[in-house]
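What follows is a single structure, written as structure tokens, with notes after it.
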Number of protein chains: 2
Amino acid sequence: MDILKPTESELEILQILWQNGPSSVRFVNEELTKQREVGYTTTLKLMQIMFDKKLLSRTEEGRYHLYKAEIEEEATQINLLEKFVDATFRGSAMKLVMQALGNHDSSKEELEEIKKLIESKMQK
Amino acid sequence: MDILKPTESELEILQILWQNGPSSVRFVNEELTKQREVGYTTTLKLMQIMFDKKLLSRTEEGRYHLYKAEIEEEATQINLLEKFVDATFRGSAMKLVMQALGNHDSSKEELEEIKKLIESKMQK
DNA sequence: TTTCGATTACGAAAATTTTCGTAGTAAAAT
DNA sequence: ATTTTACTACGAAAATTTTCGTAATCGAAA
């Protein structure tokens with residue numbers, strides 16, 4: 001049911017697949033290892049579990065499997081964001097936005113973009 | 001060490017303490033129960049664990065304990081936000097902000113506030 | 001003072017998530 | 001054809017988080 005609430009490790013794997021497209025376990029594991037030590041079979045097992053949960057699909061390519069994310073990045077982000085706002089900011093998206101803007105540097109272009117979005121929302 | 005990364009259940013308890021100030025286990029449990037069924041001893045045990053971890057402090061008030069959050073709401077939010085942005089938006093706070101603004105309704109006043117913050121940041 | 005009721009202490013079980021060892025398999029290299 | 005290499009499958013262990021039953025404690029009520 002909670003297909004849209006992947007665990008932290010699952011999310012790490014999804015990120016790699018979203019960024020690189022369908023990949024082998026080997027590749028995913030190598031990407032993960034750039035951040036921290038992870039055993040190959042650990043990654044394999046996780047991806048098999050995710051396959052069972054239908055978070056991933058896979059195709060046989062010769063003698064190995066190519067795994068593909070079966071949930072969309074943006075839909076997942078929206079879903080996780082919703083839960084995060086509730087749990088951490090008691091549902092106040094505004095508080096989160098203020099906090100995020102306050103604590104992260106951003107370029108003029110990015111700020112301009114956000115400003116435009118706000119202005120368009122204020123029209124309504 | 002991960003004092004600023006409370007678990008989900010711990011965060012629920014912290015929210016209640018942040019909102020209501022120092023409280024008894026009974027009170028916290030009643031608040032939790034408003035959202036979902038939780039046994040009294042479950043809440044008690046969690047708060048005792050949090051006490052051991054120094055997430056909470058407590059004082060004896062007659063025959064019961066008054067528990068108090070020992071970590072600050074805002075510091076915790078900032079910390080969790082940081083991790084969330086990394087895990088879910090690959091570190092792009094802007095993407096998160098756009099997503100949050102796009103998917104949550106907000107009042108003119110709130111939007112105005114954000115706009116002001118952005119304009120002040122654009123000055124620099 | 002005794003009983004009752006509410007609370008805390010403690011330990012263990014259950015559930016979830018993460019890790020990894022071992023064995024089996026098949027293609028590639030020798 | 002045999003060996004080596006690189007995978008996958010499987011199951012179980014470890015670690016973490018959550019839940020709760022039972023016993024002990026202590027103040028309040030009778």
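Chain letters run A, B, ... following the sequence lines, proteins first, then strands; residues in each count from 1.
Scanning both residues, Met50(A) and Glu10(A), for their nearest heavy atoms gives CE-O, 3.5 Å. Across all their heavy atoms, Leu46(B) and Ser9(B) have their closest contact at CD1-CB, 3.6 Å. Asn29(B) and Gly39(B) make their closest contact through ND2-O, 3.4 Å (heavy atoms, listed as atom of the first residue, atom of the second, distance). In terms of heavy atoms, Leu96(A) sits closest to Ala100(B) at CD2-CB, 3.9 Å. Considering all non-hydrogen atoms of both residues, Phe89(A) and Gln15(B) come closest at N-NE2, 4.3 Å. When all heavy atoms of Leu101(B) and Lys121(A) are compared, the closest pair comes out as O-NZ, 3.0 Å.
Rounded to a whole Å, the CG atom of Leu44(B) is 16 Å from the P atom of dA6(C). To the nearest angstrom, P of dA15(C) lies 18 Å from CD of Glu8(B). Counting to the nearest Å, the C1' atom of dC10(C) and the CE atom of Met47(B) are 17 Å from each other. As rounded to whole Å, 7 Å separates atom P of dT17(D) from atom CD of Glu10(B). The nearest whole Å value for the distance from the CD1 atom in Ile49(B) to the P atom in dC10(C) is 13 Å. Rounded to a whole Å, the CG atom of Leu66(B) is 18 Å from the P atom of dA6(C). In this structure, Met50(B) atom CE and dT18(D) atom P are separated by 10 Å, rounded to whole Å. Rounding to whole angstrom units, CG of residue Asp52(A) and C1' of dG11(D) are separated by 13 Å.
Close to dT7(C), at under 4.0 Å from its OP1 or OP2, lies no side-chain N or O of Arg58(B). Note on Ser9(A): a side-chain N or O is less than 4.0 Å away from OP1 or OP2 of dT18(C). Phosphate proximity of dA9(C) to Gln48(B): present, with a side-chain N or O under 4.0 Å from OP1 or OP2. At the phosphate of dA6(C), neither OP1 nor OP2 sits under 4.0 Å from any side-chain N or O atom of Tyr40(B). For Thr7(B), a side-chain nitrogen or oxygen approaches OP1 or OP2 of dT18(D) to under 4.0 Å.
Against DNA chain C, the stretch residues 16-30 of chain B makes heavy-atom approaches under 4.0 Å through Val25(B), Arg26(B).
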Exercise for the section: Using a 4.0 Å cut-off on protein heavy atoms (strictly under), produce a 5'-to-3' string for nucleotides 20-27 of chain C with B for base contact, S for backbone-only sugar-phosphate contact, and - for none. Expected result: BBB----S
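Here the side chains of Gln77(B) and Phe84(B) are not in contact, with every heavy-atom distance at 4.5 Å or above. Looking only at side-chain heavy atoms (C-beta outward), Leu32(A) and Glu12(A) come within less than 4.5 Å of each other.
Checking each of Leu14(A), Ile13(A), Asn20(A) against Ile16(A) for a side-chain contact (heavy atoms from CB on, under 4.5 Å) leaves exactly one that passes, namely Asn20(A).
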